[in-house]
**Q** 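Got a structure for you, written out below as structure tokens; questions coming shortly.
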Amino acid sequence: MAACASDTSRTLSCRDGHAASQLKLISIIVIFITSVVGISSPVLLSRYFQGKPAYEKTTLLIKCFAAGVILSTSLVHVLPDAFIALSDCRVSSHHPWKDYPFSGLVTMVGALLALLVDLTATSHMESQPGGGHHGQYEVVPIGAREELGGKNSISNSSKLAMDVESVAGGAESNSSGGSEEMLVRLKQRLVSQVLEIGIIFHSVIIGVTLGMSQNQCTIRPLVAALAFHQIFEGMGLGGCIAQAGFKLGTTAYMCFMFAVTTPMGIVLGMILFSVTGYDDSNPNALILEGLLGSLSSGVLIYMALVDLIALDFFHNKLMSSDSWLRKISFIALVLGSISMSILALWA
């Protein structure tokens with residue numbers, strides 16, 4: 001409790017409600033603009049390269065950079081903040097918070113929930129028409145016809161039998177290929193949507209915490225740091241949205257929701273403070289911040305490792321056929337992780 005008293009006395013000189021309110025209004029504008037720039041950059045870049053030879057490689061590199069940003073966001077930003085909130089002396093000195101590591105538990109629950117959503121959605125997609133072995137997206141591939149021609153020359157006596165077998169095989173292969181491509185695209189869209197939900201949780205927490213704070217010494221450096229934070233986090237989400245190939249309206253809606261979430265969180269935090277008198281150091285506010293942050297962290301860790309990194313590095317045909325692209329993609333992943341990790345020095 002002595003540490004709590006010491007911390008309180010240290011921040012009293014920085015508490016100025018009027019100055020804090022002015023800084024919050026500035027932060028709403030700055031964070032909205034940087035969020036728009038961050039999330040729209042990879043989307044616009046992807047549309048610029050669309051139809052060009054480098055399109056697929058460009059979107060893949062953007063997505064790998066995005067995966068690094070999301071992984072760093074979850075492990076270096078969100079999870080430590082949640083742990084600090086629940087470890088604060090105003091929370092950890094009471095039951096049950098001092099008896100159990102709730103931040104780790106809720107992070108695990110978040111990862112398991114993300115897995116459950118993933119499994120349920122994938123199962124649903126596979127059960128739809130065109131998601132099984134035969135669907136309406138059948139096209140006879142050239143490769144199957146060439147394979148058929150090669151097989152026909154094996155034996156004259158079994159020519160008819162081989163023709164029938166090859167055609168059936170080609171049709172099955174094509175049906176499987178068409179449905180596979182459809183499933184991959186649906187999977188990418190699901191990943192983008194779940195990822196945005198996890199990031200929105202995180203953005204709301206950041207905004208509400210900033211909005212409830214009356215400490216101008218804390219808010220001032222946070223505004224600059226969060227501006228860069230939103231740029232990189234927006235690039236991460238925007239890279240996934242770009243690869244998912246949404247329609248223009250859906251893409252615009254997802255970008256808009258990301259851009260307004262943190263400013264709306266700041267406004268919500270200001271309203272909560274004016275109504276309840278709770279600031280960002282209130283025990284109830286710290287508990288809510290810690291639990292929501294832990295849940296968001298679990299979702300983002302799962303999405304980064306399973307649906308972004310593992311999916312591209314182990315199941316992407318383009319990457320598996322090009323060793324140089326694989327190396328460059330890994331560098332993009334590392335750069336994304338480093339760029340977001342460096343920001344943890346300030347936010």
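These numbers come from a predicted model, not from an experiment. In this chain, numbering begins with 1 at the start of the sequence shown.
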**Q** What pairs meet the side-chain hydrogen bond (donor to acceptor under 3.5 Å, both in side chains) rule with one or both residues in residues 327-340, with sequence neighbours excluded?
**A**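 Qualifying pairs: none.
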**Q** Is the backbone of Gly293 close enough, under 3.5 Å, to the side chain of Ser296 for a donor and an acceptor to pair up by distance?
**A**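 Such a contact is absent between Ser296 side chain and Gly293 backbone.
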**Q** Would you please classify the geometry between the Phe65 ring and the Phe232 ring as parallel, tilted or perpendicular, with 30° and 60° separating the classes?
**A**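 If you compare the ring of Phe232 with that of Phe65, the planes turn out tilted.
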**Q** Quick check on the hydrophobic clustering: are Met303 and Leu119 connected, directly or via other members, by side-chain heavy-atom contacts under 4.5 Å?
**A**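 Yes; tracing contacts between hydrophobic side chains, which count when under 4.5 Å, links both residues.
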**Q** Can you measure from CD1 (Ile309) to CD1 (Ile70) and round to the nearest 0.5 angstrom?
**A**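 Between atom CD1 of Ile309 and atom CD1 of Ile70 there are 10.0 Å.
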**Q** Quick one: which residue pairs count as a side-chain hydrogen bond (donor to acceptor under 3.5 Å, both in side chains) with a foot in residues 256-270, not counting sequence neighbours?
**A**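 Applying side-chain hydrogen bond (donor to acceptor under 3.5 Å, both in side chains) to every pair that reaches into residues 256-270, excluding sequence neighbours, yields Gln230-Thr262.
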**Q** Whether Arg326 engages the ring of Phe313 as a cation-pi pair (distance to the six-membered ring centre under 6.0 angstrom, angle to the ring normal within 45°) should be assessed.
**A**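 The answer is no, since Arg326 fails at least one limit relative to Phe313.
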**Q** Rounded to the nearest 0.5 Å, what separates atom CG in Leu237 from atom CD1 in Ile199?
**A**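 Here the interatomic distance stands at 4.5 Å.
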**Q** If only side-chain N and O atoms count, and only distance matters, is there a donor-acceptor pair under 3.5 Å linking Asp99 with His95?
**A**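 Judged by distance alone, the side chains do pair up.
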**Q** If I compare all heavy atoms of Ala242 with all of Val43, which pair ends up nearest, and what's the gap?
**A**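 Residues Ala242 and Val43, closest heavy atoms: CB-CA, 4.1 Å.
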**Q** Is there a side-chain contact between Phe102 and Ser294, using heavy atoms and a 4.5 Å cut-off?
**A**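 They are not in side-chain contact.
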**Q** So for atom CZ, which belongs to Phe330, do other residues, nucleotides or ligands contribute more than 12 heavy atoms lying within a distance under 6.0 Å?
**A**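 No, because the 6.0 Å sphere around CZ of Phe330 holds 12 heavy atoms or fewer from other groups.
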**Q** Show the nearest heavy-atom pair for residues Ser341 and Ser72, with the distance to one decimal.
**A**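 Looking at all heavy atoms of both residues, the closest pair is OG-OG, 2.8 Å.
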**Q** Can you tell me how far OG of Ser46 sits from NZ of Lys63, rounded to the nearest 0.5 angstrom?
**A**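 Reported to 0.5 Å precision, the distance equals 12.0 Å.
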**Q** Can you tell me how far the CG atom of Leu86 sits from the CD1 atom of Ile287, to the nearest 0.5 Å?
**A**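 One gets 7.5 Å once the value is rounded to the nearest 0.5 Å.
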**Q** Of all heavy-atom pairs between Phe83 and Ser103, which one has the smallest distance, and what is that distance?
**A**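 For Phe83 and Ser103, the tightest heavy-atom pair comes out as CD1-OG, 3.4 Å.
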**Q** Checking side-chain hydrogen bond (donor to acceptor under 3.5 Å, both in side chains) for the pair Ser92/Ser87: CA distance, chi angles, key distance, verdict?
**A** CA-CA 5 Å; Ser92 60; Ser87 299; over 6 Å; no
**Q** Output, in order, the C-alpha distance, side-chain angles, deciding distance and verdict of side chain to side chain contact (heavy atoms under 4.5 Å, CB included) for Ile266 and Leu25.
**A** CA-CA 9 Å; Ile266 295 172; Leu25 293 175; over 6 Å; no
**Q** Verify the neighbour count for atom CE of Met270: are there more than 12 heavy atoms of other residues, nucleotides or ligands below 6.0 Å?
**A**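 Counting neighbours around CE of Met270, more than 12 heavy atoms of other residues, nucleotides or ligands fall under 6.0 Å, so yes.
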**Q** Are Val76 and Met340 close enough that some pair of their side-chain heavy atoms sits under 4.5 Å apart?
**A**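 No. Closest side-chain heavy atoms not under 4.5 Å.
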**Q** Quick check: do Met254 and Ser192 have side-chain heavy atoms less than 4.5 Å from each other?
**A**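 Yes. Closest side-chain heavy atoms under 4.5 Å.
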**Q** Listed by chain and number, what are the side-chain hydrogen bond (donor to acceptor under 3.5 Å, both in side chains) partners of Ser74, not counting sequence neighbours?
**A**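 Per chain and number, Ser74 pairs via side-chain hydrogen bond (donor to acceptor under 3.5 Å, both in side chains) with no residue.
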**Q** Are the side chains of Val267 and Pro263 in contact, using a 4.5 Å heavy-atom criterion?
**A**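 No, side chains not in contact.
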**Q** Decide yes or no for Leu311 and Val306: does some side-chain heavy atom of the first lie under 4.5 Å from some side-chain heavy atom of the second?
**A**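 Leu311 vs Val306: side chains apart.
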**Q** Verify, without hydrogens or angle tests, whether Thr120 (side chain) and Leu116 (backbone) share a donor-acceptor contact under 3.5 angstrom.
**A**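 Yes; judged by distance alone, with no hydrogens or angles, the pair exists.
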**Q** Apply side chain to side chain contact (heavy atoms under 4.5 Å, CB included) to the pair Val299 and Leu113, showing each step before the final yes or no.
**A** CA-CA 7 Å; Val299 171; Leu113 283 175; 5.5 Å; no
**Q** Report the distance from atom SG of Cys64 to atom CG of Leu308, rounding to the nearest 0.5 Å.
**A**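 Output value for this atom pair is 9.0 Å.
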**Q** For Ile62 and Pro42, work out which heavy atoms get closest and say how close.
**A**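 Where Ile62 meets Pro42 most closely, the heavy atoms are CG2-CB, 3.6 Å.
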**Q** Is there a side-chain contact between Ser27 and Leu226 in this structure, where contact means two heavy atoms from C-beta onward sitting under 4.5 Å apart?
**A**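 In short, these two side chains do not touch, never coming nearer than 4.5 Å.
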**Q** According to a 4.5 Å side-chain heavy-atom criterion applied to Ile, Leu, Val, Met, Phe, Trp and Tyr, with indirect links allowed, do Val223 and Ile28 form part of one hydrophobic cluster?
**A**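 Yes: a chain of side-chain contacts under 4.5 Å links Val223 to Ile28.
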**Q** Are Ile39 and Ile241 packed together at the side-chain level, in the sense that at least one heavy-atom pair is separated by less than 4.5 angstrom?
**A**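 They are in side-chain contact.
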**Q** Carefully, step by step, assess His229 and Ile206 under the rule side chain to side chain contact (heavy atoms under 4.5 Å, CB included).
**A** CA-CA 11 Å; His229 177 278; Ile206 291 175; 3.7 Å; yes
**Q** Within a radius of less than 6.0 Å around CZ of Phe228, do more than 12 heavy atoms belonging to other residues, nucleotides or ligands occur?
**A**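 No, CZ of Phe228 has 12 or fewer neighbouring heavy atoms, counting only those of other groups under 6.0 Å.
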**Q** Restricting to non-hydrogen atoms, name the atom on Glu196 and the atom on Phe258 that form the minimum distance, rounded to 0.1 Å.
**A**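 Reported closest heavy-atom pair: OE2-N, 3.6 Å.
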**Q** Tell me whether Ile84 shares a hydrophobic cluster with Leu286, the cluster being built from Ile, Leu, Val, Met, Phe, Trp, Tyr side chains joined at under 4.5 Å.
**A**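 Ile84 and Leu286: separate clusters.
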**Q** Is there a path from Leu248 to Met257 through hydrophobic residues (I, L, V, M, F, W, Y) whose side chains come within less than 4.5 Å of each other?
**A**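 Result: no, two separate clusters.
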**Q** Return the CG to CG distance between Leu333 and Leu61, rounded to the nearest 0.5 Å.
**A**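 Going from the CG atom of Leu333 to the CG atom of Leu61 covers 11.0 Å.
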**Q** State, with a plain yes or no, whether a side-chain heavy atom of Val208 is found less than 4.5 Å away from one of Met264.
**A**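 Not in contact.
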**Q** Cluster question for you: counting only ILVMFWY and a side-chain heavy-atom cut-off of under 4.5 Å, with indirect links fine, are Leu44 and Val36 together?
**A**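 No, Leu44 and Val36 fall in different hydrophobic clusters.
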**Q** Please give me the minimum heavy-atom distance between Ile31 and Ser35, naming the atom from each residue.
**A**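 So the minimum-distance heavy-atom pair works out to O-OG, 2.7 Å.
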